[in-house]
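One-based numbering along the sequence shown. Note that this is a predicted model, so its numbers are computed, not measured. The analysis underlying the following values was restricted to heavy atoms, covering all of them including side chains, and did not include hydrogens, waters or symmetry mates. Order of appearance sets the numbers: ligands from 1, and atoms from 1 within every ligand.
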Amino acid sequence: MKLSEAIKDDGLGETVRGIVSAQAVTDLHTHCYAPAFGASPVPGGLLLWGIDELVTYHYLIAEAFRARPPWETPYERFWGWSKPAQADYIWRTLFVERTPLSEACRGVVTTLTRLGLDPNEETLEPYRRWFAQREPDAYIDQVMDVAGVDLITMTNEVFSDHERAMWLRGAYRTEDPRFAAVLRIDRLLNETPAALALLHEWGYATHPEVGAGTIEQVRRFLSDWIDRMRPAYIATSLDSSFTYPDSEHPDRDRIIRHALMPVLRERGLAWALMIGARRGVNPLLREGGDASGRADITAVTNLCGAFPDNRFLVTMLARENQHELCVAARKFGQLMPFGCWWFLNNPSLIEEITRMRLELLGTSFIPQHSDARILDQLIYKWDHSRAVLAKVLTEKYADLQRAGRKVTRAHIERDAAWLLRGQYRAFVGMGER
Ligand code: FIX
Ligand code: ZN
């Protein structure tokens with residue numbers, strides 16, 4: 001087919017699917033780590049990979065407690081088991097005794113299949129034997145190749161003692177070109193007094209009363225960690241009650257206004273706000289115990305209005321916030337909606353949200369991030385999201401052709417490259433690596 005030739009409607013779906021599948025993705029948000037941070041099953045290894053990690057993903061733990069409620073399998077009993085024992089239990093409960101229909105279950109199936117394994121085994125032993133033959137560093141290349149991911153953005157928790165110590169001792173001094181760092185500062189904004197006390201311990205002369213001196217120290221802390229991590233952006237997840245301006249949390253308000261915003265602006269970095277998690281609704285489920293809540297979009301529009309020279313990457317967890325986030329983005333060019341986060345990362349919701357974003361924003365948004373916690377999940381998260389993106393794009397191209405505009409292969413390639421890779425890189429000012 002010639003580049004300039006419009007694609008006939010009957011071949012459109014296949015062409016779009018082919019292009020979207022072949023397009024390399026730059027993944028904006030994951031919890032995957034470079035191997036320099038250590039890898040599972042070595043204790044303390046931050047890079048999680050392999051069958052036992054895949055099957056004990058917190059989404060699946062929560063689902064296992066629905067299949068067998070806590071009066072059948074008490075939480076303490078489950079947490080007392082080793083990781084392989086937990087994985088065996090989840091496999092039996094969700095994949096053998098029941099049909100693995102949920103998105104998280106299907107994800108394990110897709111991942112195994114795309115790795116060339118048969119996902120119909122009764123036990124995990126055959127998979128364990130296969131994974132035992134992999135070595136994490138080379139396996140990262142294999143997973144990135146199968147998933148079609150060219151860069152994995154990490155989430156680097158400066159308030160985790162374990163991770164912070166690794167950065168301080170230079171475990172990651174030689175940057176891994178497959179990964180980008182992100183300075184994640186949840187505690188500073190969500191538990192400000194405790195975070196300021198920690199900063200004090202770490203040599204920053206903060207004071208519990210947030211005055212000019214403390215603001216100066218917080219700026220120094222942020223700058224030091226920007227220098228150390230060289231992050232693609234700074235990130236925070238915020239409760240659904242987040243507001244700005246914030247008279248209920250004056251210290252948080254002051255830190256955002258006088259420390260975070262100026263430092264980000266000076267360093268040319270975006271702030272990623274992940275809004276709408278309600279943490280610890282069921283602490284007995286540990287990582288799986290967080291829920292979602294509807295947030296107030298005026299926090300986002302007020303930030304954009306107050307800081308016109310700052311850039312904001314925003315994802316919101318509640319389905320109810322998606323339309324107003326698109327509307328807000330139409331008002332502020334410095335606001336970039338991204339991803340279908342967590343409980344929205346399901347085909348039906350990705351489809352709805354992506355369609356709405358295309359209709360309201362054209363291609364000026366970042367349709368998805370994987371949020372992979374376990375390396376292998378990159379495979380299914382992107383496989384499933386690409387399929388939905390291709391479906392929605394096909395529908396939109398067909399509408400456009402019906403309206404009289406020719407759509408060529410080159411147009412589709414340009415759009416896919418921008419949506420899956422270019423937009424994120426351009427927004428955060430990431431050069432070609
Ligand atoms: O805060 C976050 O980055 C969330 O994505 C995670 O903490 C959450 O547990 C998750 O895995 C969602 O997909
Ligand atoms: Zn995340």
Side-chain angles (χ1 to χ4, degrees), residues 25-33 37 40 46-49 53-65 102-108 111 149 152-160 162-163 179-191 231-242 270-293 295 313-319 321 337-347 349-350 353 366-382 384-385 424:
V25 168
T26 298
D27 197 337
L28 180 152
H29 171 65
T30 79
H31 299 264
C32 300
Y33 284 83
F37 292 94
S40 63
L46 294 181
L47 171 64
L48 306 182
W49 66 286
E53 297 292 351
L54 268 175
V55 175
T56 54
Y57 186 29
H58 68 70
Y59 292 25
L60 292 172
I61 293 176
E63 289 174 28
F65 275 105
S102 76
E103 175 64 6
C105 282
R106 183 172 68 109
V108 177
T111 303
V149 169
I152 300 170
T153 309
M154 303 183 276
T155 295
N156 301 101
E157 308 267 5
V158 69
F159 287 99
S160 145
H162 180 58
E163 181 170 348
F179 292 83
V182 159
L183 174 54
R184 177 89 174 229
I185 54 162
D186 283 20
R187 222 157 163 206
L188 182 61
L189 300 184
N190 295 330
E191 296 166 57
Y233 57 86
I234 292 188
T236 317
S237 82
L238 295 148
D239 191 89
S240 51
S241 63
F242 174 62
W271 184 23
L273 295 93
M274 307 178 70
I275 307 172
R278 288 174 55 227
R279 301 284 180 189
V281 167
N282 181 2
L284 296 172
L285 271 178
R286 301 192 182 174
E287 270 177 340
D290 302 340
S292 82
L313 285 158
V314 176
T315 199
M316 298 182 85
L317 194 50
R319 181 188 189 183
N321 284 124
F338 76 92
C340 301
W341 182 25
W342 204 340
F343 310 110
L344 300 175
N345 193 350
N346 301 308
L349 295 170
I350 302 170
I353 294 165
I366 298 165
Q368 191 56 305
H369 63 270
S370 75
D371 229 314
R373 281 193 164 262
I374 294 118
L375 176 75
D376 327 53
Q377 290 174 335
L378 288 171
I379 296 174
Y380 93 77
K381 300 259 189 186
W382 283 112
H384 294 187
S385 287
Y424 164 43

Any side-chain donor near an acceptor of the partner, Y59 and S102, under 3.5 Å: no
Pocket residues of ligand 1, ordered first by chain and then by residue number (heavy-atom cut-off under 4.0 Å): H29, H31, H58, Y59, R184, M274, R279, W341, W342, D371, R373
Modelled atom types, side-chain donor and acceptor of S370 and D27, under 3.5 Å: yes
Pairs flagged by salt bridge (Lys or Arg N to Asp or Glu O under 4.0 Å) wherever residues 273-288 is involved - sequence neighbours left out: R279-D290, E287-R373
Q368 and N345 side chains, donor-acceptor separation under 3.5 Å: yes
Residue that, paired with N190, satisfies side chain to side chain contact (heavy atoms under 4.5 Å, CB included) out of D239, I185, L238: L238
Minimal non-hydrogen separation, W341 against S237, with atom names: CH2-CB, 4.4 Å
D371 atom (N/O/S) at minimal separation from the Zn ion (ligand 2): OD1
